[in-house]
Structure formats: C-alpha cells, structure tokens
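Inspection log for the structure reproduced underneath, given as structure tokens.
The structure presented is a predicted model; accordingly, all values stated were derived computationally and were not measured. Every number for a ligand or one of its atoms is a count from 1 in the order of the listing.
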Amino acid sequence: MRKIRKAVFPIGGLGTRFLPATKSMPKEMLPVVDRPLIQYAVDEAREAGIEQFIFVTSRGKSLIEDHFDHAFELEEAMARRGKSLAALDGTRPSPGDIAIVRQQEPLGLGHAVWCARRLIGDEPFAVLLPDDLMVGEPGCLKQMVDAYEELGGNLICTEEVAASDTHKYGIVTPGAQAGAITEVKGLVEKPAPDVAPSRLAVIGRYILQPEVMNVLGSQEEGAGGEIQLTDALARMIGQQPFHGVTFAGKRYDCGDKGGFVTATLALALDRPDIAPAVRAFLAAA
Ligand code: UTP
C-alpha cells in the first residue's frame with residue numbers, strides 16, 4: 001500500500017461568514033490564540049507523515065504564502081535581540097515542501113481539490129479543510145492514516161451531529177460498524193433531518209484515491225451551483241473500499257463565528273500562560 005505523502009488544503013473559498021474581517025485577509029489566517037487556522041492543519045498533517053503540502057488558493061491569499069516563508073528581517077532582528085525563534089516553529093518548511101495552485105474561480109470544494117490533480121498524479125492523498133480545527137492525540141489525520149494502513153481505499157472523517165444539523169453536512173448511509181470505523185454505503189449532501197439516512201456527518205478530513213480526480217473532472221455542478229466533493233465521493237462508493245473514521249478528539253467548526261470563538265476559549269483554557277486570566281474573566285461574566 002502506498003504511503004500518504006501529499007495533502008491538499010482547499011483554501012480558495014471567499015470566507016463570507018467572517019466579513020468584514022476577511023475582506024482583505026484570508027479566513028485561514030484568523031488566529032486561534034496565537035496560531036493561524038492554516039497552521040493547525042499543516043502541523044496536524046506533518047504529524048501524520050505528510051511531506052508535500054499543496055495549498056489551493058485564490059486571489060488575496062498571498063499572506064498564507066508569506067506565513068510559511070522565511071521572514072529574514074524579523075528573524076535577524078529577533079536573533080540580534082537574543083530572542084528565541086521557537087515561536088516561528090512550524091512556519092519555515094524546507095524549500096519545495098509547499099506548493100501553491102490557484103483556483104481561479106470559487107466553483108466549489110470539489111473543484112478546488114481537482115485543481116491539484118497535476119501535483120497529486122497517481123498516488124493517494126489527504127485533504128484537510130483548515131476550518132475544522134481538530135484537537136486530539138494523536139491528531140485527526142494521524143488517526144486516519146493509521147486506519148488507512150489497515151483498510152486502504154477511501155476514508156472520510158465522520159462525526160455524529162444533532163438531527164437539526166444534518167442539512168449543513170454530507171451525511172453517511174452507514175453499513176457495518178466496528179469501533180471507530182463505519183462502512184460507507186452512500187453519501188447524501190445536506191439532507192433535511194426527516195430524509196437524512198443517519199446523523200453521521202462528513203467533516204473536513206479525507207484520504208482519497210487518485211481516481212477521484214477523474215470523477216471530479218467529469219462532474220456537473222451540484223447543490224449551490226458548485227462542484228461538490230461529496231457528489232464525487234458518492235460516485236466512487238462500490239468501486240473502491242469506502243469507510244468513515246470517527247475521530248477520537250474534539251472538533252471546532254471555525255468556519256462559523258460561534259465555533260471560532262468557542263475554539264479560542266477552549267484552547268486558551270488549555271494554555272497555562274493565559275488560562276488564569278481567561279478563567280477569571282469567565283467566572284466574573
Ligand atoms: P465553505 O463552505 O466554508 O466556504 O468552504 P467559504 O467560502 O470558505 O466560507 P463562507 O461560507 O463564505 O464563509 C469549505 C472549504 O472549501 C474551500 C474553503 O476555502 C474551505 O476550506 N473552498 C470552497 C474552496 O477552496 N474553493 C471553493 O470554491 C469553495
């Protein structure tokens with residue numbers, strides 16, 4: 001079985017739910033405590049053994065490129081003042097580890113993944129949506145890579161959601177279940193609660209076989225006039241093994257303002273340097 005070496009980060013979206021903050025700054029650069037969202041996802045991928053990080057970006061996302069570059073003046077000034085560069089750990093990958101592809105139009109998540117097809121070639125790969133901030137040990141993608149080594153095929157990350165929330169997610173028609181693993185028999189994009197086949201939702205981590213690129217390439221627009229990744233995955237069920245992995249850890253939906261603020265609070269409360277101040281504020285609130 002081929003090792004998962006490449007990861008695609010689809011970050012071409014407009015981030016309209018965070019306007020005006022995202023008018024001139026990418027959503028993925030919003031910090032949770034002191035790290036931008038994109039860096040949590042990159043760190044998680046690196047822990048899972050990813051060697052090549054492919055960002056599918058759009059206009060106005062160049063700050064993300066700068067974040068993962070050497071900042072000569074800053075580093076030199078910090079060194080001169082005797083300051084440790086540890087705070088920059090994880091932001092200075094080796095030359096060539098990060099590749100950038102432009103998605104010229106925001107035609108949907110499936111289209112963004114397809115934009116990376118030439119860099120993916122014929123090997124299986126991971127997809128990480130930085131909006132979903134995953135906190136756990138080992139990290140979410142590492143848990144999925146471990147499952148992949150047993151199961152092969154395609155894997156999606158799944159989470160049980162409230163019935164009232166099925167219309168926000170791709171929902172799984174489940175087959176056999178064993179521990180964290182669920183066989184995927186079908187996928188429905190954003191079903192209303194009364195027609196949803198389960199409450200098992202697809203969340204922002206995937207391990208996919210390269211054939212998905214051909215499926216995406218031949219695909220019509222789906223819900224919202226966008227090329228939907230879920231629709232392409234649904235077409236692959238039955239042709240290749242397909243499983244869901246329920247993440248043992250906590251997910252924060254940082255694409256949503258409430259989820260973003262919750263993540264900020266949760267991660268701050270986990271940090272010995274700032275937790276006392278935050279806890280004191282919450283106690284008094
Ligand atoms: P979202 O549905 O959260 O859309 O995309 P968005 O544009 O980022 O944010 P809102 O809803 O306007 O606030 C889910 C993921 O798919 C990526 C996004 O960047 C995000 O990581 N995406 C979406 C693309 O890369 N390209 C697209 O055309 C659409």
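Atom CD of Glu159 sits about 8.5 Å away from atom OG1 of Thr246, to the nearest 0.5 Å. Atom-to-atom distance recorded for Ile274:CD1 and Arg279:CZ is 11.0 Å, nearest 0.5 angstrom. Within the model, atoms CD of Glu150 and CD1 of Ile181 stand 8.5 Å from one another, a figure rounded to the nearest 0.5 Å. With values rounded to the nearest 0.5 angstrom, Phe18 atom CZ is found 10.5 Å from Thr16 atom OG1. Atom CD1 of Ile100 sits about 8.0 Å away from atom CD1 of Ile64, to the nearest 0.5 Å.
Checking only distances, Leu107 does come within under 3.5 Å of ligand 1, N or O to N or O. Between Gly15 and ligand 1, at least one N/O pair is under 3.5 Å apart. Here's the thing with Gly255: none of its N/O atoms is less than 3.5 angstrom from an N/O atom of ligand 1. Residue Glu105 has no N or O atom closer than 3.5 Å to an N or O atom of ligand 1. Residue contacts with ligand 1: Phe18 is placed with no nitrogen or oxygen under 3.5 Å of a nitrogen or oxygen of the ligand (distance criterion only). The shortest N/O to N/O separation between Gly12 and ligand 1 falls below 3.5 Å. In terms of N/O distances under 3.5 Å, ligand 1 is not approached by Leu109.
Between the side chains of His111 and Glu226, no donor-acceptor pair is found at a separation under 3.5 Å. Looking only at atom types and distance, the side chain of Gln240 has a donor-acceptor partner in the side chain of Glu211 under 3.5 Å away. For the residue pair Ser58/Gln103, the side-chain donor-acceptor check at 3.5 Å is not satisfied.
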Please tabulate, for side-chain N and O atoms in residues 257-266, each donor-acceptor pair with protein atoms closer than 3.5 Å (sequence neighbours left out).
unit_1, atom_1, unit_2, atom_2, d
Lys257, NZ, Arg17, O, 3.2
Thr262, OG1, Gly258, O, 2.6
Thr264, OG1, Phe260, O, 2.9

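For ligand 1, the atoms lying closer than 4.0 Å to a non-hydrogen atom of Gln103 are 24 (C), 25 (O), 26 (N), 27 (C), 28 (O). Counting the atoms of ligand 1 from 1 in the order shown, those under 4.0 Å from a heavy atom of Gly108 are 26 (N), 27 (C), 28 (O), 29 (C). Atoms of ligand 1 found under 4.0 Å from any heavy atom of Ala112 (numbered from 1 in listed order, with element): 24 (C), 25 (O), 26 (N). Listed by number with element, the atoms of ligand 1 under 4.0 angstrom from any heavy atom of Pro106 are 28 (O). If you number the atoms of ligand 1 from 1 as listed, the ones under 4.0 Å from a heavy atom of Lys27 come out as 3 (O), 6 (P), 8 (O), 9 (O).
Here the heavy atom of the protein found nearest to atom 12 (O) of ligand 1 is Thr16 OG1, 2.6 Å. Annotation: atom 7 (O) of ligand 1 to nearest protein heavy atom, Leu14 N, 2.7 Å. For atom 11 (O) of ligand 1, the closest non-hydrogen atom of the protein is Arg17 NE, 3.0 Å. For atom 24 (C) of ligand 1, the closest heavy atom belonging to the protein is Gly13 N, 3.4 Å.
Neither the backbone nor the side chain of His111 has a heavy atom within less than 4.0 Å of ligand 1. Counting heavy atoms closer than 4.0 Å to ligand 1, residue Glu226 contributes nothing at all. With a heavy-atom cut-off of 4.0 Å, Pro10 touches ligand 1 through backbone and side chain alike. Residue Asp131 touches ligand 1 through its side chain alone, judged by heavy-atom distances below 4.0 Å.
The backbone N or O of Ile11 sits less than 3.5 Å from a side-chain atom of Lys61, completing a donor-acceptor pair. At least one donor-acceptor pair under 3.5 Å links the side chain of Arg117 to the backbone N or O of Trp114.
A centroid separation of 6.0 Å or more is found between the aromatic rings of Phe53 and Phe68.
In this structure, Val56 does not count as a contact residue of ligand 1, since none of its heavy atoms falls inside 4.0 Å of the ligand. By the 4.0 Å heavy-atom criterion, Glu28 is counted among the residues contacting ligand 1.
With sequence neighbours left out, Arg235 forms a side chain to side chain donor-acceptor pair (under 3.5 Å) with Ser218, Gln219.
Protein non-hydrogen atoms do reach within 4.0 Å of atom 21 (O) of ligand 1.
The side-chain contact (heavy atoms from CB on, under 4.5 Å) test with Arg205 singles out one residue from Leu128, Val245, Val127, and that residue is Leu128.
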